[in-house]
Amino acid sequence: MSYVLIIGAKSDIAKAVAREYAKHGYDLYLGARDVSELEAFAQDVMTRTQKEVKLVELDILDYASHQTFYDSLEEKPLGVISAVGYLGEQEKAQSDFSQTQKIIDSNYTGVVSLFNIIADDFEQRRSGFMVGISSVAGDRGRKSNYIYGSAKAALTAYLSGLRNRLYDAQVQVLTVKPGFVATKMTENMDLPEKLTAQPQDVAADIYKAQQSGKSVLYTKWIWRWVMLIIRSIPEFQFKKMSI
Ligand SMILES: NC(=O)c1ccc[n+]([C@@H]2O[C@H](COP(=O)([O-])OP(=O)(O)OC[C@H]3O[C@@H](n4cnc5c(N)ncnc54)[C@H](OP(=O)(O)O)[C@@H]3O)[C@@H](O)[C@H]2O)c1
């Protein structure tokens, strides 16, 4: 058994994670919508690493397809990494529930639907690892992105419970909380350089944390302390702030 399943595989972080795992000897399943767009990328990874890369079509919002999706993987993966996410538009979401629902379902419900299926399999096999990319945005709700933040908070709580459930079965569950990362998702934002990670640095952090059996990873590491400070601001002050 040699495959790692990466979902949301067109994301810049997922691509960097794919390169990192292939470099370390793993074969890959890359799951994404319109997965044919990943053909050149997959070919490049295979040429550089001599590892297998298989493309699998996946829409995280098509819950009914998730069992069939997982059943169709001939060789079951030894781990799964989710980079699925959708930032959406906070202001639009405030008055348009369909936008709110898309944010919640893309970041939370869809990942839960597929992770439930994979967790059952890993629990039965008593092995495996599950990595969910959540966000520091889930650590405290802010007016600028609290719909997205609340979906990530739910994902963080889900992963915490899953880790607790799967501990006895020796299945590792890693929650990844990136701060700012320079990707397509943030390309229109003016991000502070010192607090912004590159996708390949996040990927290296994820690989190292997963291999060493960690439970929660902040990346860049400094975000653990930034969020500690942000979480400790009293609510009577926090509600007046724009951060
Ligand atoms: N960039 C940051 O600063 C940052 C910070 C904290 C956390 N994160 C999290 O890191 C992860 C990767 O984000 P990123 O920055 O690399 O941004 P991204 O490129 O927007 O990645 C999100 C990925 O999720 C996929 N996705 C969305 N809806 C989907 C669906 N219905 N079915 C299947 N795939 C779907 C997208 O696929 P398509 O390409 O098909 O749209 C995209 O590849 C996300 O979970 C994000 O929330 C990012």
Side-chain angles (χ1 to χ4, degrees), residues 5-20 29-39 41 55-66 69-70 80-90 98-99 101-115 130-140 142 144-156 158-159 174-203 205-206 216-220 222-224 226-227 230:
L5 167 64
I6 300 175
I7 63 170
K10 282 195 277 172
S11 105
D12 294 330
I13 295 175
K15 283 182 174 173
V17 168
R19 288 195 188 281
E20 189 70 22
Y29 290 120
L30 300 182
R33 299 181 283 199
D34 302 321
V35 80
S36 58
E37 288 173 23
L38 282 172
E39 272 165 16
F41 173 77
L55 302 180
V56 279
E57 192 69 31
L58 173 72
D59 183 347
I60 210 68
L61 299 180
D62 186 5
Y63 316 124
S65 72
H66 291 173
F69 167 82
Y70 192 63
V80 57
I81 301 169
S82 171
V84 173
Y86 175 63
L87 185 58
E89 295 170 56
Q90 169 66 30
S98 66
Q99 176 70 179
Q101 194 161 28
K102 187 173 170 188
I103 295 171
I104 293 171
D105 291 346
S106 306
N107 289 290
Y108 180 61
T109 324
V111 180
V112 168
S113 166
L114 185 60
F115 267 31
M130 305 185 71
V131 179
I133 304 186
S134 185
S135 172
V136 296
D139 279 13
R140 193 161 193 181
R142 294 177 298 126
S144 58
N145 71 352
Y146 65 86
I147 307 273
Y148 170 80
S150 66
K152 289 299 197 184
L155 181 64
T156 297
Y158 170 84
L159 292 169
L174 171 64
T175 308
V176 180
K177 295 184 183 184
F180 299 132
V181 189
T183 66
K184 286 194 290 284
M185 186 181 269
T186 54
E187 65 192 354
N188 298 321
M189 298 180 189
D190 189 16
L191 301 178
E193 207 182 308
K194 287 230 163 70
L195 287 176
T196 303
Q198 296 303 314
Q200 56 273 26
D201 300 328
V202 171
D205 282 354
I206 290 175
V216 178
L217 167 72
Y218 281 86
T219 173
K220 297 182 164 197
I222 197 172
W223 281 96
R224 177 179 292 277
V226 173
M227 294 318 295
I230 290 180

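Heavy-atom basis, side chains included; hydrogens, waters and symmetry copies ignored. For ligands, and for the atoms within them, numbers begin at 1 and follow the listed sequence.
- Between the Q99 side chain and the E89 main chain, a donor and an acceptor come within less than 3.5 Å of each other.
- For atom 3 (O) of ligand 1, the nearest non-hydrogen atom of the protein is V181 N, 2.8 Å.
- Atom 8 (N) of ligand 1 has as its closest protein heavy atom Y148 OH, 3.7 Å.
- Using a distance-only test at 3.5 Å, with no hydrogens or angles considered, a donor-acceptor pair links the side chain of S150 to the main chain of Y146.
- Remark: ligand 1 atoms within the under-4.0 Å shell around heavy atoms of T186 are 1 (N), 2 (C), 3 (O).
- The shortest distance between side-chain heavy atoms of F69 and L5 falls below 4.5 Å.
- With ligand atoms numbered from 1 in the order given, ligand 1 contributes 7 (C), 9 (C) to contacts under 4.0 Å with heavy atoms of S134.
- The shortest heavy-atom distance from P199 to ligand 1 is not under 4.0 Å.
- At the top of the distance list for atom 17 (O) of ligand 1, counting protein heavy atoms only, stands M185 CB, 3.3 Å.
- In terms of protein heavy-atom proximity, atom 37 (O) of ligand 1 is nearest to R33 NH2, 3.7 Å.
- The N/O atoms of G85, backbone and side chain alike, include one that comes under 3.5 Å of an N/O atom in ligand 1.
- Within the 4.0 Å heavy-atom cutoff, A83 counts among the residues contacting ligand 1.
- Applying the 4.0 Å criterion to heavy atoms of I133 picks out, from ligand 1, the atoms 9 (C), 10 (O), 11 (C), 45 (O).
- Atoms of ligand 1 found under 4.0 Å from any heavy atom of G8, numbered from 1 in the order shown, are 43 (O).
- The closest protein non-hydrogen atom to atom 21 (O) of ligand 1 is S11 CB, 3.0 Å.
- With a 4.5 Å cut-off on side-chain heavy atoms, I133 and S82 do not count as touching.
- Of the protein's heavy atoms, G179 O, 2.9 Å lies nearest to atom 5 (C) of ligand 1.
- With a 4.5 Å cut-off on side-chain heavy atoms, L38 and K15 count as touching.
- Every atom of ligand 1 is numbered from 1 in the order shown, and the set under 4.0 Å from a heavy atom of F180 is 3 (O).
- Side-chain contact between F180 and T186: absent, with no pair of heavy atoms (C-beta onward) separated by less than 4.5 Å.
- Looking from atom 31 (N) of ligand 1 to the surrounding protein, the closest heavy atom is D59 OD1, 2.9 Å.
- No hydrogens or angles considered: nothing links the side chains of T175 and S134 as a donor-acceptor pair under 3.5 Å.
- Contact check for Y148 versus Q90: no side-chain heavy atoms found under the 4.5 Å cut-off.
- Considering backbone and side-chain atoms alike, S135 places every N or O at 3.5 Å or more from each N or O of ligand 1.
- Residue P178 places no N or O, backbone or side chain, under 3.5 Å from any N or O of ligand 1.
- Looking at heavy atoms from C-beta onward, M189 lies in side-chain contact with L87 at the 4.5 angstrom threshold.
- Contacts between T183 and ligand 1, counted as non-hydrogen atom pairs separated by less than 4.0 Å, involve the side chain only.
- For H66 (side chain) and D59 (main-chain N/O), a donor-acceptor pair under 3.5 Å exists by modelled atom type.
- Counting the atoms of ligand 1 from 1 in the order shown, those under 4.0 Å from a heavy atom of I60 are 30 (C), 31 (N), 32 (N), 33 (C).
- Counting heavy atoms closer than 4.0 Å to ligand 1, residue K177 contributes nothing at all.
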T109 and I104: side-chain contact (heavy atoms from CB on, under 4.5 Å), yes or no, with the steps? CA-CA 7 Å; T109 324; I104 293 171; 4.1 Å; yes

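- Residue-ligand proximity, L58 to ligand 1, at heavy-atom distances under 4.0 Å covers atoms 32 (N), 33 (C).
- The backbone and the side chain of K10 each have at least one atom closer than 4.0 Å to an atom of ligand 1 (non-hydrogen atoms only).
- Interface atoms of ligand 1 facing L61, defined by a heavy-atom separation under 4.0 Å, are 31 (N).
- In this structure, L191 and L195 have side chains that are not in contact, with every pair of non-hydrogen atoms separated by 4.5 Å or more.
- Ligand 1 does not have E37 within reach: every non-hydrogen atom of the residue lies 4.0 Å or more from it.
- Judged by distance alone, the side chain of E187 and the main-chain N or O of A182 form no donor-acceptor pair under 3.5 Å.
- Residues Y158 and V111 fail the side-chain proximity criterion, which asks for heavy atoms closer than 4.5 Å.
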